[in-house]
Enquirer: 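Following this message is one structure expressed as C-alpha cells.
Each ligand, and each atom within it, is numbered from 1 in the order the structure gives.
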Amino acid sequence: MDDLKSKYLQLIADAGDENGLEELRVQALGKKGEISLQMRELGKMTPEERQTAGPALNALKDEINSALVAKKSALADAALDERLRGEWLDVTLPSRGRPMGSIHPISQVTEEVTAIFADMGFSVAEGPQIESDWYNFDALNIPGHHPARAEMDTFYTHRAEGDERPPHVLRTHTSPVQIRSLEANGAPIRIICPGRVYRADYDQTHTPMFHQVEGLAIDKDISMANLKWVLEEFVKAFFEVDDVELRFRASHFPFTEPSAEVDIRCSWEGGTLKVGEGEDWLEILGSGMVHPKVLQAAGVDPSVYQGFAFGVGIDRIAMLKYGIPDLRAFFDSDLRWLRHYGFRSLDVPTLHGGLSS
Ligand code: PHE
C-alpha cells in the first residue's frame with residue numbers, strides 16, 4: 001500500500017495537464033483501477049486482516065482523491081495565469097498620436113451656430129431637401145411669374161410626360177422650413193433650420209450645393225431691433241471677438257418686408273481671407289421682418305403675430321472664420337485638405353467650453 005501511495009502521489013505531482021490527471025484517476029480509482037482491485041481483495045481476507053486493511057485502503061483512496069483535486073486546481077490556476085500573461089495589455093501606453101478621422105468644417109460650423117442660437121432660446125428644425133414649389137416659392141410670396149424663381153437658378157425634378165403638376169425642386173434656400181415649422185407648431189416660435197440647399201451656380205464663392213441656416217422668431221412684440229441685436233450677438237459669438245463690423249444694406253426679398261442684407265468687413269489680400277479688416281465686404285446673410293402674406297400662408301394671423309427671419313450662408317461664414325479661400329474645396333473630399341481644415345471629433349463646440357478651441 002505504501003508503494004501504491006508513493007507511486008500515485010509522484011505521478012500526480014508530475015502530471016502536466018488535466019487529461020493526464022484524468023488518466024491517472026481512472027488508472028488508480030476507476031472500476032478496474034489498481035486501488036479498486038485491491039478493494040476487491042478485501043472479500044478474500046479474514047475478518048481480522050480486513051479490519052486493518054479496509055480502513056487503510058479507504059484512507060489511501062481519500063488521499064489520492066484529494067491529491068487529484070488539489071493538482072487539478074493548481075493546473076487550472078497555472079492555465080489562467082498563462083492566459084492572463086498572454087492577453088496582458090498595457091493601458092498606460094499613449095494612444096495613437098494622430099486621429100484618423102476629422103470633423104468637416106461645415107459640420108463644425110453648423111454645431112457652433114447651433115450652440116450660439118440654442119443659448120438664445122432657439123431650437124433646431126429640419127425640412128426636406130426635395131421640396132414642392134409651394135413651400136419653396138408660393139408660400140414664401142414668390143408667385144409663378146416672379147423673377148426670383150429665375151434668379152435662384154433652381155434645379156427642377158422631372159415629371160412624367162403628361163403630368164401637369166408643377167415639378168418638385170431641390171430647395172433653393174432653407175426658408176421653406178419657416179412655413180413647415182409654423183404649420184406644425186404655430187406661433188410663438190423661435191427656431192433655426194440648418195441644412196443643404198441647391199442652386200445652379202459654380203465659381204470660387206458658389207457651389208451648386210451649399211449650406212444655410214435659417215432663423216425664425218415670431219411672437220406678439222418682435223421688431224427689427226430684435227433682429228439687429230440677435231444678428232450682432234450671433235456674429236460676435238461666432239467669430240469669437242468683442243466687435244465685428246457689420247453692414248446692414250437695405251434689400252428686397254419677397255418673403256420679408258422690410259429686408260436687409262448683412263455684409264461683414266473683410267480683406268482678401270494675398271489670397272487669404274481676414275475678418276474685420278480691409279476694404280472688402282462679404283455678404284453673409286439675408287434677413288428681414290416676415291411678410292404678412294407668409295404668416296398667412298402658414299396659418300398664422302399677421303394682425304396678432306409678427307417677427308423676423310434670416311438666412312445665413314454656413315459655407316461663407318466657415319470660409320471667413322477659418323481662412324478657407326476657395327469654397328469648392330469644401331466638397332472635393334481631398335484628404336490632405338480635410339486633415340488641414342478638419343476638427344478633432346471629440347471637441348464638441350459649446351459656448352462655455354469654447355466654440356473652436
Ligand atoms: N432665403 C434667402 C436666401 O436664400 C435668405 C433670407 C432668409 C432672407 C430669411 C430673408 C429672410 O437668399
Side-chain angles (χ1 to χ4, degrees), residues 110 113 117 122 124-129 131-143 146-155 169-182 187 189-201 205-218 222-232 234-235 246-264 281-295 297-298 300 302 305-317 327:
T110 305
V113 171
F117 281 106
F122 288 74
V124 175
E126 282 181 315
Q129 294 174 43
E131 193 50 285
S132 72
D133 76 339
W134 163 258
Y135 283 110
N136 196 79
F137 294 123
D138 296 84
L140 291 162
N141 194 29
I142 313 174
H146 198 284
R149 292 206 181 199
E151 271 165 33
M152 285 214 185
D153 303 308
T154 310
F155 287 113
V169 302
L170 298 186
R171 68 178 179 194
T172 57
H173 49 181
T174 42
S175 301
V177 189
Q178 290 186 31
I179 308 294
R180 289 182 175 275
S181 303
L182 283 172
I189 198 170
R190 217 187 291 178
I191 50 162
I192 57 164
C193 335
R196 295 183 170 183
V197 299
Y198 303 83
R199 289 180 208 176
D201 209 350
T205 51
H206 297 88
T207 50
M209 184 279 296
F210 59 104
H211 301 80
Q212 289 188 335
V213 57
E214 192 83 5
L216 176 69
I218 302 291
I222 292 191
S223 76
M224 195 96 182
N226 300 120
L227 167 67
K228 189 157 182 275
W229 182 84
V230 164
L231 290 180
E232 278 171 356
F234 161 66
V235 170
L246 292 185
R247 182 168 77 175
F248 284 75
R249 196 161 27 81
S251 182
H252 175 264
F253 298 103
F255 33 92
T256 48
E257 181 59 36
S259 306
E261 280 176 297
V262 177
D263 307 334
I264 188 166
W281 295 91
L282 192 76
E283 181 196 321
I284 57 166
L285 65 90
S287 65
M289 298 302 289
V290 177
H291 198 291
K293 283 194 182 169
V294 172
L295 294 174
V300 172
Y305 289 102
Q306 77 294 134
F308 62 77
F310 57 84
V312 185
I314 292 183
D315 321 71
R316 291 286 180 88
I317 60 173
L327 177 67

Enquirer: Within less than 4.0 angstrom of ligand 1, does Arg171 place any heavy atom?
Expert: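 No.
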Enquirer: Does Arg180 come within less than 4.0 Å of Glu131, counting only side-chain N to carboxylate O?
Expert: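 Result for this pair is yes, salt bridge flagged.
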Enquirer: Do Thr174 and Pro194 make a side-chain contact, defined as non-hydrogen atoms from C-beta onward lying under 4.5 Å apart?
Expert: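 No, too far: nothing below the 4.5 Å cut-off.
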Enquirer: Could you tell me the separation between the CE atom of Met224 and the CE atom of Met289, rounded to the nearest 0.5 Å?
Expert: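 It comes to 7.5 Å.
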Enquirer: Within ligand 1, which atoms have a heavy atom of Ser175 less than 4.0 Å away?
Expert: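 Once the distances to Ser175 are compared, the set is 1 (N), 7 (C).
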Enquirer: Decide whether the shortest distance between a heavy atom of Gln212 and an atom of ligand 1 is less than 4.0 Å.
Expert: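 Within the 4.0 Å threshold, so yes.
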Enquirer: Classify the ring geometry between Phe137 and His173 as parallel (under 30°), tilted (30 to 60°) or perpendicular (over 60°).
Expert: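 Tilted, since the angle between the ring planes falls between 30° and 60°.
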Enquirer: I'd like to check whether Thr172 has a polar contact with ligand 1, where a contact means an N/O of the residue lying under 3.5 Å from an N/O of the ligand.
Expert: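 No; the residue has no nitrogen or oxygen that sits under 3.5 Å from a nitrogen or oxygen of the ligand.
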Enquirer: Output yes when the distance from some N or O of ligand 1 to some N or O of Arg199 is under 3.5 Å, and no in every other case.
Expert: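 It does: an N or O of Arg199 is found under 3.5 Å from an N or O of ligand 1.
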Enquirer: Does any N or O of ligand 1 fall below 3.5 Å from an N or O anywhere on Gln178, backbone included?
Expert: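 Between Gln178 and ligand 1 (N or O atoms, distance only) the closest approach is not under 3.5 Å.
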Enquirer: Give the ring-plane orientation class for Phe122 versus Phe117, where under 30° counts as parallel, over 60° as perpendicular and anything between as tilted.
Expert: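 Aromatic pair Phe122/Phe117 classed perpendicular.
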Enquirer: Within ligand 1, which atoms have a heavy atom of Ala309 less than 4.0 Å away?
Expert: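 Once the distances to Ala309 are compared, the set is 9 (C), 11 (C).
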Enquirer: Would you say Leu216 and Leu182 make side-chain contact, with heavy atoms under 4.5 Å?
Expert: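 The answer is yes; the side chains approach within 4.5 Å.
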Enquirer: Closest approach of Ala309 and Val290, non-hydrogen atoms and distance?
Expert: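 Nearest heavy atoms, Ala309 then Val290: CB-CG2, 3.8 Å.
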Enquirer: Which of the numbered atoms in ligand 1 are below 4.0 angstrom from a heavy atom of Gly311?
Expert: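 By the 4.0 Å cutoff, the relevant atoms are 6 (C), 7 (C), 9 (C).
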Enquirer: Quick one: does Phe255 get within less than 4.0 Å of ligand 1, heavy atoms only?
Expert: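 Yes, Phe255 has a heavy atom closer than 4.0 Å to ligand 1.
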Enquirer: Going by the order shown, which atoms of ligand 1 are within less than 4.0 Å of some heavy atom of Thr256?
Expert: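 Here the atoms of ligand 1 in question are 10 (C), 11 (C).
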